[in-house]
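Inspection log for the structure reproduced underneath, given as structure tokens.
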Amino acid sequence: MRHEIDEDVTSLVRPAAVHRRLYDDPAIFELELERIFGSAWIYVGHESQIKEPGDYFCTQIGRKPIVVVRGPDKAVHVLHNQCAHRGALVVAADQGRTDEFQCCYHGWTYHLDGRLKAVPLQHGYPPDFDTKNRSMAMLAVPRVASYRGFIFVNQSAEGPSLENWLGYMTTSLDDMVDRAPDGEIEVAGGVFKHTYNGNWKLYLENICDAAHPWFTHRSSIDAAQQQSDDVFTDGAGEIAIRQMRQNGAPYSFWENQVGIWTHPNGHSYLGDYHDDKKLVAALNDPTFRDYIDAMENKKGSQETRRILEVRRWNSNVYPNLSFMSQFQQLRVIHPLAVDRTLVCTYNFRLRGAPEQMFHNTIRFANIVNGTGSLVLTDDLEIYNRIGLGISSEGAEWLQIGRGYQSDMPDESGGRRGKNSTSEIYIRNMFEAWLGYVSPDRAKRPAAESVSA
Amino acid sequence: MEQRAGARAPRRLDVGECELLLVHEARLLDEGKFDDWLALFTPDARYWVPSEPDQASPLDTVSLIYDDRQLLETRVRRLSSPRIYSQEPRSRTSRIIANVGIEDDADKASTMVRSKFTLIEFRRNEQRLFGGTCFHRLIVVDGDIRIAWKRVNLLNCDAPLDGIVVPF
């Protein structure tokens, strides 16, 4: 059922400005859940989380609880975690292994693909009661697809294939996997769960923003600049200290040496912003030396060089995924309410790499991306402050115009900012937003035809 | 900074001494005297707040906080910065330490202390309640009790949380 909203919401997006209601209006939030989360490919997890038949984990699409499970035939099923009888949540554990799902209310039991298996006390129902009826099930999400182990679902039966929809962003996912000497990665090391009182869009709008670290992260920049490298003698802390210092690089560096690229459907990535050879695959670091040896043994020196020269910082797959391929970290964004968001941050182990690489990933997550970290906590503060500020009347139109005049096509088929601090990636997300929410794409104003 | 040989007196502490130290530590944190709090830790100390109940290791699973002394110094330096926006306004905290006891432990040169804590944090019209179990490994250095290791098992360590900036 289409959500009713009695106005043309597309008028809330201009080429270089958006209306603040997009972050504050519950009706628009409902529209986004229905039309964006209802028809985009949504990342739900990684195949390494369900290695064997019967392995499952629970997550959510927006507010909808789902269970992701590997069936006896090894196929991945994604089911609405809801009993067909009285609507109760069927699977209560975060993860586990089972050969069937059983509701604890009246014992309705389901196959791993969601079909109803058994109903106790079947007598006495109306004549049309049929346990074989396909709507009497833990309903399967219409489309499930994996790209190199990354599982996405689509709640719409129609639309582009996952690979077409990802487009050039497959190269960022490739970068996650290619860095493993054995060609496989696995989710490991627990999860951080962050919440903030602000809109879900703010997260992706910040994560490729090259203009904020110098300001927002000032306290950790100053603290790290006064700190020598000898944090944790195994080298893992040193990487994070250097990362914090690098946030304090001058504006000229941010403008000219990072790079911001966008691609259709709202996707984008920020270039790597480290000129520090000790941060990523540094040749003189003993752990990286072992790692590079392992890579060259498995992939040859030419392919190893190609892989390590891919230098991306954050890659964003709109609307709910952001990852750091060089640091093996991945965040999933869950919109809970117009002013409430949950972000889950996972780590990956590179199969075949020295275990110290994984320890570095964990330490980097703790210090930079964690709930108690020295960096992310200031980003959370920003989301909360925007949540507080934006809920009141005042400036109606929020500015997303930095770099608007100078964005340019890129040879990869996307567009990029002339300067790395361009907000092109935000404008690109709103272009996708328009495509999703507009009831009739033909009615949608061409971005260039509306003045800001 | 090197530990002088023999500086760690191989003495077990009694529960009263331990409780005084823990209450003193809580007061320093409540009063925002983070430099003085930092000075309680030995140069090779670890401060650990796991992200999972019964977490076995800080190396292969993420932690809400896992700091060595240098990183703890960096954390405290940041806390003192006038531009730490996640502490503008500052949190106010109130901690209660209770159920202090000494754990059986083979290490005769130090004392492992187990305690319960309740921490109320108030910031910007919102109050958060934390509670759990703390473990302190305490040693005597030059006559003063120092923290060589501290682990904070938060009851809700794996819950979705807004940022944690003030240490437990």
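Proteins come first, then strands; the chains are lettered A, B, ... in the order of their sequence lines, and each starts at number 1. Just the heavy atoms: all of them, side chains too, but no hydrogens, waters or symmetry mates, feed the values below.
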> Is the centre of the A:Tyr383 ring less than 6.0 Å from the centre of the A:Trp200 ring?
Replying inline: no

> Would you call B:Glu25 and B:Arg95 a salt bridge, taking side-chain N to carboxylate O under 4.0 Å as the test?
Replying inline: no

>> I need the residue from A:Gly189, A:Ala365, A:Gly190 with the largest number of non-hydrogen atom pairs under 4.5 Å to chain B.
In response: A:Gly189

> Would you call A:Arg351 and A:Glu186 a salt bridge, taking side-chain N to carboxylate O under 4.0 Å as the test?
Replying inline: yes

> Side chain, backbone, both or neither: which part of A:Asn369 has a non-hydrogen atom closer than 4.5 Å to chain B?
Replying inline: neither

>> For the interface with chain B, which of A:Asn366, A:Leu388, A:Leu380 has the highest count of heavy-atom pairs at distances below 4.5 Å?
In response: A:Asn366

> chain A heavy atoms under 4.5 Å from B:Ser81: which part of the residue, side chain, backbone, both or neither?
Replying inline: side chain

>> Under a 4.5 Å cutoff for heavy-atom pairs, which residue among A:Gln227, A:Met244, A:Arg349, A:Glu355 has the most contacts with chain B?
In response: A:Gln227

>> Please classify the contact of A:Asn347 with chain B as side chain, backbone, both or neither, using a heavy-atom distance under 4.5 Å.
In response: side chain

> So which part of B:Ile65 gets closer than 4.5 Å to some heavy atom of chain A, the side chain, the backbone, both or neither?
Replying inline: side chain

>> I need the residue from B:Val165, B:Asp68, B:Ile164 with the largest number of non-hydrogen atom pairs under 4.5 Å to chain A.
In response: B:Asp68

> What residue in A:Thr377, A:Leu374, A:Val343 has the most heavy-atom pairs under 4.5 Å with chain B?
Replying inline: A:Leu374

> Contact part of A:Leu376 toward chain B, heavy-atom cut-off under 4.5 Å: side chain, backbone, both or neither?
Replying inline: neither

>> Less than 4.5 Å to any heavy atom of chain B: does that hold for the side chain of A:Phe215, its backbone, both, or neither?
In response: both

> With a 4.5 angstrom heavy-atom cut-off, which part of B:Pro82 approaches chain A: side chain, backbone, both or neither?
Replying inline: neither

> For A:Thr345, is it the side chain, the backbone, both or neither that has a heavy atom under 4.5 Å from a heavy atom of chain B?
Replying inline: neither

> A:Val191 versus chain B, heavy atoms under 4.5 Å apart: side chain, backbone, both or neither?
Replying inline: backbone

> Are a donor atom and an acceptor atom from the side chains of A:Arg331 and A:Ser322 found within less than 3.5 Å of each other?
Replying inline: yes

> With a 4.0 Å cut-off, would you call B:Asp67 and B:Arg75 a salt bridge?
Replying inline: yes

> What part of B:Arg69 is in contact with chain A, defined as an atom under 4.5 angstrom from a non-hydrogen atom: side chain, backbone, both or neither?
Replying inline: neither

> Is the shortest side-chain N to carboxylate O distance from B:Asp105 to B:Arg137 below 4.0 Å?
Replying inline: yes

> Under 6.0 Å between ring centres, would you say that holds for A:His46 and A:Phe348?
Replying inline: yes

>> So that I can tick it off, tell me whether B:Arg124 and A:Glu381 are bridged by a salt bridge, with the cut-off set at under 4.0 angstrom between side-chain N and carboxylate O.
In response: yes

> Say you draw a straight line from CG of A:Asn320 to OG1 of A:Thr341; how long is it, rounded to the nearest 0.5 Å?
Replying inline: 12.0 Å

>> When you measure from the centre of the six-membered ring of B:Phe41, is the NZ or CZ of B:Lys150 closer than 6.0 Å and no more than 45° off the axis?
In response: no

>> Please classify the contact between A:Ile221 and chain B as side chain, backbone, both or neither, with a heavy-atom cut-off of under 4.5 Å.
In response: neither

> Relative to chain B, which segment of A:Leu342 carries a heavy atom at a distance below 4.5 Å: side chain, backbone, both, or neither?
Replying inline: side chain

> Relative to chain B, which segment of A:Ile241 carries a heavy atom at a distance below 4.5 Å: side chain, backbone, both, or neither?
Replying inline: side chain

>> Whether B:Glu88 and A:Arg385 form a salt bridge (side-chain N of Lys/Arg under 4.0 Å from carboxylate O of Asp/Glu) is what I want to check.
In response: yes

>> I'd like to know if B:Asp35 and B:Lys33 make a salt bridge, using a cut-off of under 4.0 Å between side-chain N and carboxylate O.
In response: no

>> Among B:Gln87, B:Gln70, B:Arg78, which residue has the highest count of heavy-atom pairs closer than 4.5 Å to chain A?
In response: B:Arg78

> Do A:Ser220 and A:Asn247 meet the criterion of a side-chain donor-acceptor pair at a distance under 3.5 Å?
Replying inline: no

>> If I measure from the heavy atoms of chain B, does A:Ser373 come under 4.5 Å with its side chain, its backbone, both, or neither?
In response: backbone

> Which bit of A:Asn197 comes within less than 4.5 Å of chain B, counting heavy atoms only: side chain, backbone, both or neither?
Replying inline: side chain

